[in-house]
Participant: 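Questions regarding the structure given below will be posed in turn.
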Amino acid sequence: MYRIVRKEALAPTLSLFEIEAPLVARKARAGQFVILRINEEGERIPLTIADFDRARETITCVFQEVGKTTKELGTLCEGDYLQDFAGPLGLPSHIENFGRVVCVGGGLGVAPVFPIARALKEAGNEVIGIMGARTKELLFWEEKMYSACSELWVTTDDGSYSRKGFVTDLLREVIEKKKDVGLCVAIGPLPMMRAVCGLTREYGLKTVVSLNSIMVDGTGMCGCCRVTVGGKTKFACVDGPEFDGHLVDFEEMARRAVIYKPQEQLAVSRYVKNSAHNCSCGCGGGR
Amino acid sequence: MNGGSKPKKTIEPKKNPMPCQEPAVRARNFNEVALGYSEEAVVAEANRCLQCKNAPCRQGCPVEVDIPAFIGLAAGGDFYGAIRKLKEKNALPAVCGRVCPQESQCEKYCTLGKKHEPVAIGRIERFCADWELAGAALPQEVKPPTGKKVAVVGSGPSGLTCAADLAKLGHQVTIFEALHVPGGVLMYGIPEFRLPKNVVQTEIGNLKDLGVNIEVNAVVGKFAVVDELLNGGGFDAVFIGTGAGLPYFMNIPGENACGVYSANEFLTRTNLMKAYRFPEADTPIRVGRKVAVLGGGNVAMDAARTALRLGAEESWIVYRRSKKELPARHEEVEHAEEEGVKFAFLTSPTRIIYNDDYWVTAMECLQYKLGEPDASGRRSPVPIPGSEFVMDVDTVVVAIGQGPNPLVPGTTEGLQCNKKGNIVADPGTGATSKPGVYAGGDVVTGAATVILAMGAGRTAAKSIHAYLSGKN
Ligand SMILES: Cc1cc2nc3c(=O)[nH]c(=O)nc-3n(C[C@H](O)[C@H](O)[C@H](O)COP(=O)(O)OP(=O)(O)OC[C@H]3O[C@@H](n4cnc5c(N)ncnc54)[C@H](O)[C@@H]3O)c2cc1C
Ligand SMILES: Cc1cc2nc3c(=O)[nH]c(=O)nc-3n(C[C@H](O)[C@H](O)[C@H](O)COP(=O)(O)OP(=O)(O)OC[C@H]3O[C@@H](n4cnc5c(N)ncnc54)[C@H](O)[C@@H]3O)c2cc1C
Ligand code: SF4
Ligand code: FES
């Protein structure tokens, strides 16, 4: 069992957990993920390692309540336990000194992009951060991102905070203004990563994306997470989750992401009907 | 008595039948198919044994169970004695009695088999093991602690056996298992209806009683590599039994379409994650109306039979060779046929066809004929040019084999592997190219059987014990 030592409500339906997991924390690196299960009936779901603390022996994850499992996760509070927590899984991000890099986090993607930006900065890169959200309420970790970047650009789709627009608008500006960008790392919703790749392709700027394919074991045993990259089948859990975005078949990814749509809808409506789905500590989770 | 010679025992030519759930009923539930012998049936069956002096059956058993001895005890109703005898050689008789391919092992060599059906050795074994599971477990003797620590990577039959043997010798054993439940294929692959999961977990409970520590959610190669277990982790030796968990695909167009599963995914969702209980259990699975399973082994039979139980209207085995070459256990093929699984022999797909939403709608197949025998001695399938035809299906399960997962071999310095990625280990000792590191089971042999994996675990335990005894 793995204890939740800290919970933070970052935005409505967006929460942070700091989880005690000594074996994972010892080895975790930017770009990797964990697979957790809430309880005996639970599904195995992957979450990216948004931060780790080797001294406190903890892993931080940020998750969005999108379906049954993540909604149920949102009802857990500090002091509660997760049944299973395995990791660190996947390959760590490739970190080296590229000179100048851009790290783009869209929506929830800010969480997984943060440790990568930090590691790139530590490796001597000039890190230009771009973060965006639909609206002000959904922005989080601005300070944290700022600390990991040399420069941070922020946008909201509706203009309720900072610049109005999409992260791709800012990205184009950054690329145009600052020459010699050596690498772009982009993490966020599929359409956003796809749009970023469309843009950076124009500039021939190598772009790394992190793929959220549906997973079961996360160890290369089932092939559920397979994605087509450069015309070849890869298992996102062991060959990734990061890949060269210009080679990813996003169309296929989008189709495979909704394989279980009818079941997911059934599960969530059943869950909402059967449970009070409110956290017990009053932190606002599970709303 | 007549001229001093013994009266000739009249032999029942057929095995005592195994009571089973009715095919039409069981094809729609996940309960165990074969219900097990009654006490009368087991005694009757055990009495069919001739107690051959040379015991030819023993040479067919990879772990050399003293078959006539345990059968002789069962024939007299001494099930306690029988299970003790079995357990001298076989650590998991309740599992083996159910899943061993007896027809190509012990029962193949049975003297009775020359004229009649062989003794149902597997069924007797199962009865004795279940008899023990239903009552109190046999006392297990554990030697005084040696102070030595051994790490076992993977909790399939090889790892479980190795761990049990080492623990009995007084070593302190920790098993590291990547998944959230120990048992390997016994838990995630072989379905409940063939091997109830409580049988496996009872066996694992016995292991814990021996003092073996089991760490689940522990992916070696990720949270630690083998070298770290040895240096700094405090382990004096490591056994690798990570199995053959990497699913192979056909590499034909359309294979990533929605509705195409590897058998591992299909079975893991169903068995390990209990998707057949969705939405009570959270993990979903989608099975269409017409399912095609590619392959002809146990894995394929399990997938095809699982598909029926999940509600498929039609479930097909699509196999390149003919019925005779099916590598699955005979009983599984029979059971599958009885349950209504259909077979397309001498057929193999060339491409998977999907709709605009990327869902499978059909499969283009090619017809085959049998040619010359290949290296395996089986006649090799030869495609018939121009024989393409389209098979309407909405789910495809690929069950054409598995290879070793590269996670551990790929992160262990100095560990020799062959071209296929299998760890090279001495079959007589389990020793690898790396001192203190032993390996066995599917990760060494490629996908094989439970009993061979167990045997390898046992062999390695002996050598590890010798290695540790010499290391002070
Ligand atoms: C490597 C990786 C890292 C991820 N990191 C994060 C993260 O840091 N924060 C976060 O909020 N989410 C993350 N996700 C996505 C997260 O796993 C899903 O949101 C979650 O599984 C949804 O489960 P649910 O039951 O709440 O929703 P559901 O209603 O079941 O599904 C909603 C959507 O989530 C996806 N999904 C469903 N089941 C799975 C599954 N078993 N594995 C992966 N995706 C699934 C599907 O595309 C689905 O359309 C990550 C996914 C992957 C593969
Ligand atoms: C569907 C199916 C049906 C079968 N039916 C039969 C049958 O009827 N009869 C028969 O004799 N055989 C059958 N087999 C074959 C038999 O199950 C295997 O040969 C046997 O289980 C191999 O045992 P093993 O110990 O080598 O590995 P496995 O049982 O494969 O166990 C390996 C374990 O190691 C774990 N692992 C892998 N990598 C790591 C890591 N990096 N860190 C930690 N743990 C790790 C895995 O999660 C797994 O739990 C079947 C196989 C399948 C898939
Ligand atoms: S070969 Fe058959 S008859 Fe002879 S001892 Fe073995 S099981 Fe009994
Ligand atoms: S999640 Fe099973 S192989 Fe990647």
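Chain identifiers are assigned alphabetically (A, B, ...) following the order of the sequence lines, protein sequences preceding nucleic acid strands; residue numbering begins at 1 within each chain.
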Participant: Is A/T69 close to chain B through its backbone or its side chain, or both, or neither, when contacts mean heavy atoms under 4.5 Å?
Facilitator: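 Answer is side chain: those atoms of A/T69 sit under 4.5 Å from chain B.
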Participant: Considering only heavy atoms, which portion of A/L266 lies under 4.5 Å from any heavy atom of chain B: side chain, backbone, both, or neither?
Facilitator: side chain
Participant: Who among B/L272, B/L407, B/I285, B/N251 has the most heavy-atom pairs with chain A under 4.5 Å?
Facilitator: B/I285
Participant: Pick from B/W359, B/Y261, B/Y358: which one has the most heavy-atom pairs with chain A under 4.5 Å?
Facilitator: B/Y358
Participant: Do A/Q263 and B/P279 make a side-chain contact, defined as non-hydrogen atoms from C-beta onward lying under 4.5 Å apart?
Facilitator: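 No. Closest side-chain heavy atoms not under 4.5 Å.
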Participant: Look at B/E215, B/R277, B/Q402, B/E265 and state which one has the largest set of heavy-atom pairs under 4.5 Å with chain A.
Facilitator: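 Heavy-atom pair counts peak at B/E265.
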Participant: Please indicate whether B/R289 has more than 12 foreign heavy atoms, meaning atoms of other residues, nucleotides or ligands, lying under 6.0 Å from its CZ.
Facilitator: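 12 or below, so no.
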Participant: If you round to the nearest 0.5 Å, how far is CD1 of A/I45 from CG of B/D282?
Facilitator: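 CD1 of A/I45 is found 10.0 Å from CG of B/D282.
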Participant: Quick one: closest heavy-atom pair of B/V260 and A/R226, and the distance?
Facilitator: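 What the structure gives for the nearest pair is O-NH2, 3.0 Å.
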Participant: Find out whether B/H180 and A/Q83 are in side-chain contact, i.e. whether some heavy atom of one side chain is under 4.5 Å from a heavy atom of the other.
Facilitator: no
Participant: For A/F63, does the CZ atom have more than 12 heavy-atom neighbours from other residues, nucleotides or ligands under 6.0 Å away?
Facilitator: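 Enclosed.
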Participant: Pick whichever of A/G223, A/P88, A/G87 has the most heavy-atom pairs under 4.5 Å with chain B.
Facilitator: A/P88
Participant: In terms of heavy-atom pairs under 4.5 Å, which option from A/G90, A/A267, A/A28 contacts chain B the most?
Facilitator: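 Sorted descending by pairs with chain B, the first entry is A/G90.
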Participant: So which part of B/E280 gets closer than 4.5 Å to some heavy atom of chain A, the side chain, the backbone, both or neither?
Facilitator: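 Answer is both: backbone and side chain atoms of B/E280 are under 4.5 Å from chain A.
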Participant: Taking A/E252's backbone N and O only, do any of them form a donor-acceptor pair with B/N256's side chain (distance below 3.5 Å, no angle check)?
Facilitator: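 No.
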Participant: Measuring heavy-atom distances to chain B, does A/V24 have an atom under 4.5 Å in its side chain, in its backbone, in both, or in neither?
Facilitator: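 A/V24 has no heavy atom closer than 4.5 Å to chain B.
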Participant: For chain A, find which of B/R269, B/M273, B/K274 contributes the most heavy-atom pairs closer than 4.5 angstrom.
Facilitator: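 Max contact count across the listed options: B/R269.
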Participant: Go through the atoms of A/L36 and report whether side chain, backbone, both or neither lie under 4.5 Å from a heavy atom of chain B.
Facilitator: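 For A/L36, neither part sits under 4.5 Å from chain B.
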Participant: Side chain of B/R286, backbone of A/I259: donor and acceptor closer than 3.5 Å?
Facilitator: yes
Participant: Are more than 12 heavy atoms, taken from residues, nucleotides or ligands other than A/R29, located less than 6.0 Å from that residue's CZ atom?
Facilitator: no
Participant: Could you look at B/D357 and say if it's the side chain, the backbone, both or neither that has a heavy atom under 4.5 Å from chain A?
Facilitator: both
Participant: Evaluate B/L179 against A/R44 for side-chain contact (heavy atoms from CB on, under 4.5 Å), listing each step before the verdict.
Facilitator: CA-CA 10 Å; B/L179 295 172; A/R44 294 171 64 94; 4.1 Å; yes
Participant: Using non-hydrogen atoms and a 4.5 Å limit, figure out which bit of B/Y188 sits close to chain A: side chain, backbone, both or neither.
Facilitator: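 Side chain of B/Y188 only, per the 4.5 Å heavy-atom cut-off to chain A.
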Participant: Minimum heavy-atom separation for A/G220 and B/L246, please, with both atom names.
Facilitator: O-CD1, 3.5 Å
Participant: Search all heavy atoms of A/D84 against all heavy atoms of B/N217 and return the closest pair with its distance.
Facilitator: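 Nearest heavy atoms, A/D84 then B/N217: OD1-ND2, 2.9 Å.
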Participant: Are the side chains of A/F235 and B/P247 in contact, using a 4.5 Å heavy-atom criterion?
Facilitator: yes
Participant: Does any heavy atom of chain B fall under 4.5 Å from the side chain of A/E40, the backbone, both, or neither of them?
Facilitator: neither
Participant: Heavy atoms, side chains only, cut-off 4.5 Å: are B/E255 and A/T233 in contact?
Facilitator: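 No. Closest side-chain heavy atoms not under 4.5 Å.
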Participant: What's the shortest heavy-atom distance between B/T283 and A/G42, and which atoms?
Facilitator: OG1-O, 4.3 Å
Participant: What part of B/A257 lies closer than 4.5 angstrom to a heavy atom of chain A: side chain, backbone, both or neither?
Facilitator: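 When you check distances to chain A, only backbone atoms of B/A257 fall under 4.5 Å.
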Participant: Output yes when A/R26 and B/E228 qualify as a salt bridge under the 4.0 Å nitrogen-oxygen rule, no when they do not.
Facilitator: no
Participant: Answer with side chain, backbone, both or neither: which region of A/R270 has an atom nearer than 4.5 Å to a non-hydrogen atom of chain B?
Facilitator: side chain
Participant: I'd like to know whether CD of B/Q172 has more than 12 heavy-atom contacts from other residues, nucleotides or ligands below 6.0 angstrom.
Facilitator: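 No, because the 6.0 Å sphere around CD of B/Q172 holds 12 heavy atoms or fewer from other groups.
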